[in-house]
Amino acid sequence: MSSQLQQSQIAFIGGGNMASAIIGGLTAKGIDKQHVVVSEPWDVNRAKMAEAGVRTTASNAEAARDADIVILAVKPQVARGVCEELSASFSPAKQPLVISIVAGITAESLRAWLSSSNKSGGAPHVVRVMPNTPALVGEGASGLYAGSDVTAAEKELAAALLSSVSKATEWVDREELLDVVTGLSGSGPAYFFALVEHLIASATALGLAPEQATRLAKQTCLGAGRMLAESAEDPSQLRRNVTSPKGTTEAALQSFEASGLAASVDKAVKAAVDRAEELGKTLGS
């Protein structure tokens, strides 16, 4: 954990699951809870954050007023109004680094909204991040993008913050690639959950008790994931290692191929990327 991050005042605008995960990761790595403030309109979420020991408020402007880092963790549909509200709270003498985990909304839109009422006349530096839900268990994967105005020190700060909950933090050099990250790792956990659902259903239909099928499927997914993460071999080689000629695995994989698995995955990832692009165009205008 960088010393700069440890000394920073951090404001979370939005107190949902992802914000909660990042806060948990930060405090587990030694960030002082009193350096963290969360703005959250819902009483229940705000109470949960207060129980975790961080400062809370219902006011976005109050949360951001003295912050070194502002993390936007709100829904895309409300991002513009939140940013315009924050803009009026920024001091001319102090511009925070803004880290956005809002899906689809471009850095250009965020900078415009965040400077709409800014007395300093300048736009805050913005880093966009696409994390994913395994951050909730400290196993996240995050893609990051920074515009040309973001300094090396600010990029290091953003990476240090995300590394508290992400095992993989990957910078992309073109903003549109964040939409690809969304289609891959942002939405990716749901693809695996759906596959496990179908594995359980198939095994149950063939006679296994649902509880047995669920336990076996979960552990298979966990074990395969650990092999992927810890092995020096690439996924295609790991697949070949499991696939004996004319064996059971080969029969299953041939059925996948005949059913068009590769094309289905291509279409699914592309659909998620297209939706991320659509959100950016629709909500960012």
### Query
Please walk me through it: do H125 and Q95 pass side chain to side chain contact (heavy atoms under 4.5 Å, CB included)?
CA-CA 8 Å; H125 293 179; Q95 291 275 24; over 6 Å; no
### Task
Assess whether side chain to side chain contact (heavy atoms under 4.5 Å, CB included) is satisfied between I105 and L279, documenting all intermediate values.
CA-CA 7 Å; I105 306 299; L279 278 172; 5.8 Å; no
### Query
Going through the checks in order, is the side chain to side chain contact (heavy atoms under 4.5 Å, CB included) test met by I101 and F12?
CA-CA 11 Å; I101 61 174; F12 284 80; over 6 Å; no
### Message
For a side chain to side chain contact (heavy atoms under 4.5 Å, CB included) check, start with the C-alpha distance between T243 and L253, then their side-chain angles and the critical distance, and finish with the verdict.
### Response
CA-CA 9 Å; T243 309; L253 292 175; 3.4 Å; yes
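Pairing each heavy atom of D68 with each of Q7, the nearest pair is OD2-O, 4.2 Å. The minimum heavy-atom distance between V70 and F90, with the atom names listed, is CG2-CE2, 4.4 Å. In plain terms, the two heavy atoms of I13 and A63 that are nearest each other are CD1-CB, 4.1 Å. Smallest separation of non-hydrogen atoms from V165 and I22: CG1-CA, 3.8 Å. What you find for P210 and I200 is that their closest heavy atoms are O-CG2, 4.4 Å. Taking each heavy atom of L157 and L97 in turn, the nearest pair found is CD2-CD2, 4.2 Å.
Here the side chain of R128 pairs no donor or acceptor atom with the backbone of S100 at under 3.5 angstrom. Checking side-chain atoms of N132 against main-chain N and O of G140 turns up no donor-acceptor pair under 3.5 Å. A donor-acceptor contact shorter than 3.5 Å is absent between the side chain of D179 and the backbone of V273. In this structure, the side chain of S164 engages the main chain of L161 through a donor-acceptor pair within 3.5 Å. A side-chain donor-acceptor contact under 3.5 Å links T27 to the backbone of G24. The backbone N or O of C83 sits nowhere less than 3.5 Å from a side-chain atom of S87 that would complete a donor-acceptor pair. Between the side chain of S244 and the main chain of G247, no donor-acceptor pair closer than 3.5 Å is present. Put simply, the side chain of T57 gets close to the backbone of S59: a donor and an acceptor are under 3.5 Å apart. Formation of a donor-acceptor pair under 3.5 Å by the E170 side chain with backbone atoms of V181 is not found in this model.
The line from CD of E233 to CZ of R239 is 12.5 Å long, rounded to the nearest 0.5 Å. Between E139 atom CD and R226 atom CZ the span is 9.0 Å, to the nearest 0.5 Å. How far CE of M130 is from CG of L177: 13.0 Å, rounded to the nearest 0.5 Å. To the nearest 0.5 angstrom, L110 atom CG is 11.5 Å from R80 atom CZ. Note that the CD atom of Q6 and the CG atom of L26 stand 10.5 Å from one another [nearest 0.5 Å]. Here OG1 of T169 is found 6.5 Å from CG of L144. Values are rounded to the nearest 0.5 Å.
Within the 4.5 Å cutoff, the side chain of P96 has no heavy atoms near those of the I69 side chain. Side chains of K33 and V36 form no contact here, defined as non-hydrogen atoms less than 4.5 Å apart. Here the side chains of V82 and L72 are in contact, with some heavy-atom distance below 4.5 Å.
Screening L162, V102, L178 against V129 for a side-chain contact (heavy atoms from CB on, under 4.5 Å) leaves a single residue, L162.
Counted by atom type alone, T106 and S109 present one or more donor-acceptor pairs between their side chains at under 3.5 Å. Side-chain polar atoms of S39 and N60 form a donor-acceptor pair below 3.5 angstrom.
By the 4.0 Å N-to-carboxylate-O rule, K281 lies too far from E278 to be salt-bridged with it. Note on E250 versus K246: no salt bridge recorded, every NZ/NE/NH1/NH2 to OD/OE distance being 4.0 Å or above. Looking at D274 and K270, a side-chain N of the basic residue comes within less than 4.0 Å of a carboxylate O on the acidic one, giving a salt bridge.
Applying the 4.5 Å side-chain rule to ILVMFWY residues, one finds L208 in the same cluster as L216.
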With a cut-off of 3.5 Å and sequence neighbours excluded, list every side-chain donor-acceptor pair involving residues 43-52.
from: D43; atom 1: OD1; to: R46; atom 2: NH2; distance (Å): 2.6
from: R46; atom 1: NH1; to: E40; atom 2: O; distance (Å): 2.7
from: R46; atom 1: NH1; to: P41; atom 2: O; distance (Å): 3.4

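Note: the hydrophobic cluster containing Y191 also contains V265 (ILVMFWY, side chain heavy atoms under 4.5 Å, direct or indirect links). Hydrophobic clustering of Ile, Leu, Val, Met, Phe, Trp and Tyr side chains at less than 4.5 Å, counting indirect connections, keeps V127 apart from V180. Under the 4.5 Å side-chain heavy-atom criterion for grouping Ile, Leu, Val, Met, Phe, Trp and Tyr, V74 is not connected to W42 through any hydrophobic cluster. Put simply, V78 and L114 are part of the same group of oily side chains (I, L, V, M, F, W, Y) that touch within less than 4.5 Å, one to the next. L228 is not connected to V269 by any chain of hydrophobic side-chain contacts under 4.5 Å among Ile, Leu, Val, Met, Phe, Trp and Tyr, and they are in different clusters.
Within a 6.0 Å sphere centred on CD of Q237, other residues, nucleotides and ligands contribute more than 12 heavy atoms.
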